[in-house]
J.: 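Sharing a structure with you now.
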Amino acid sequence: FLTKDLSEENAAFKLEMALKKNLKELEENSLKLIDQEINKCFGASSSLGISERCMKMILSRDTLNAKEIDLFKFLIKWGKENEKENWKEK
């Protein structure tokens, strides 16, 4: 069910959900879509709310089809959106 409505607009959000609930099939399908359509996926407002863990997983992939400058621009937006969360003591 969760994989059926997977799209560029919700792929990062679905990946976040898959990681939290240990849903391997949804995780794999989300990552495949993100790999292929990273700019569309990161263009969705829901992608700004993903966790650091999720972001690291996406950025560490060798199969990610993105220009470094586009990733950098998104990371700036993501960092501003998650500023309070990112600067908490760990």
J.: Suppose the criterion is ring-ring contact (aromatic ring centres under 6.0 Å, His included): which pairs have a residue in residues 13-39, not counting sequence neighbours?
T.: none

J.: Measuring from Glu9:CD to Leu33:CG, what's the distance to the nearest 0.5 Å?
T.: 9.0 Å

J.: Would you call Phe42 and Leu48 a side-chain contact if the rule is heavy atoms closer than 4.5 Å?
T.: no

J.: Could you check if a side-chain atom of Ile58 sits within less than 4.5 angstrom of a side-chain atom of Ile50, using non-hydrogen atoms only?
T.: yes

J.: What pairs with Asp35 under side-chain hydrogen bond (donor to acceptor under 3.5 Å, both in side chains), at least two apart in sequence or on another chain?
T.: Arg61, Thr63

J.: Taking only residues two or more places apart in sequence or in another chain, which ones pass side-chain hydrogen bond (donor to acceptor under 3.5 Å, both in side chains) with Ser51?
T.: Glu16

J.: Which residues satisfy the side-chain hydrogen bond (donor to acceptor under 3.5 Å, both in side chains) test with Glu37, sequence neighbours excluded?
T.: none

J.: Strictly by salt bridge (Lys or Arg N to Asp or Glu O under 4.0 Å), give each pair with a member in residues 65-78 just once, sequence neighbours left out.
T.: none

J.: Do you know the tightest heavy-atom contact between Cys54 and Ala12?
T.: SG-O, 4.1 Å

J.: Can you check whether Lys14 reaches Asp5 side chain to side chain, under 4.5 Å on heavy atoms?
T.: yes

J.: Lys24: which residues meet the salt bridge (Lys or Arg N to Asp or Glu O under 4.0 Å) condition with it, sequence neighbours left out?
T.: Glu27

J.: Counting N and O atoms only, with roles assigned by atom type, does the side chain of Asn10 sit under 3.5 Å from a partner on the main chain of Leu6, one being a donor and the other an acceptor?
T.: no

J.: So, do Asn39 and Phe74 sit near enough that their side-chain heavy atoms are less than 4.5 Å apart?
T.: no

J.: Sort out for me which residue in Asn29, Leu31, Leu23 forms a side-chain contact (heavy atoms from CB on, under 4.5 Å) with Leu15.
T.: Leu31

J.: For Gly49 versus Asn82, what's the shortest heavy-atom pair and its separation?
T.: CA-OD1, 4.4 Å

J.: Taking all non-hydrogen atoms of both residues into account, name the closest pair between Gln36 and Asn65 and its distance.
T.: O-ND2, 4.3 Å

J.: Can you tell me how far apart CD (Glu52) and CG (Leu59) are? Round to the nearest 0.5 Å.
T.: 10.5 Å

J.: Rounded to the nearest 0.5 Å, how far apart are CG of Leu75 and NZ of Lys80?
T.: 12.5 Å

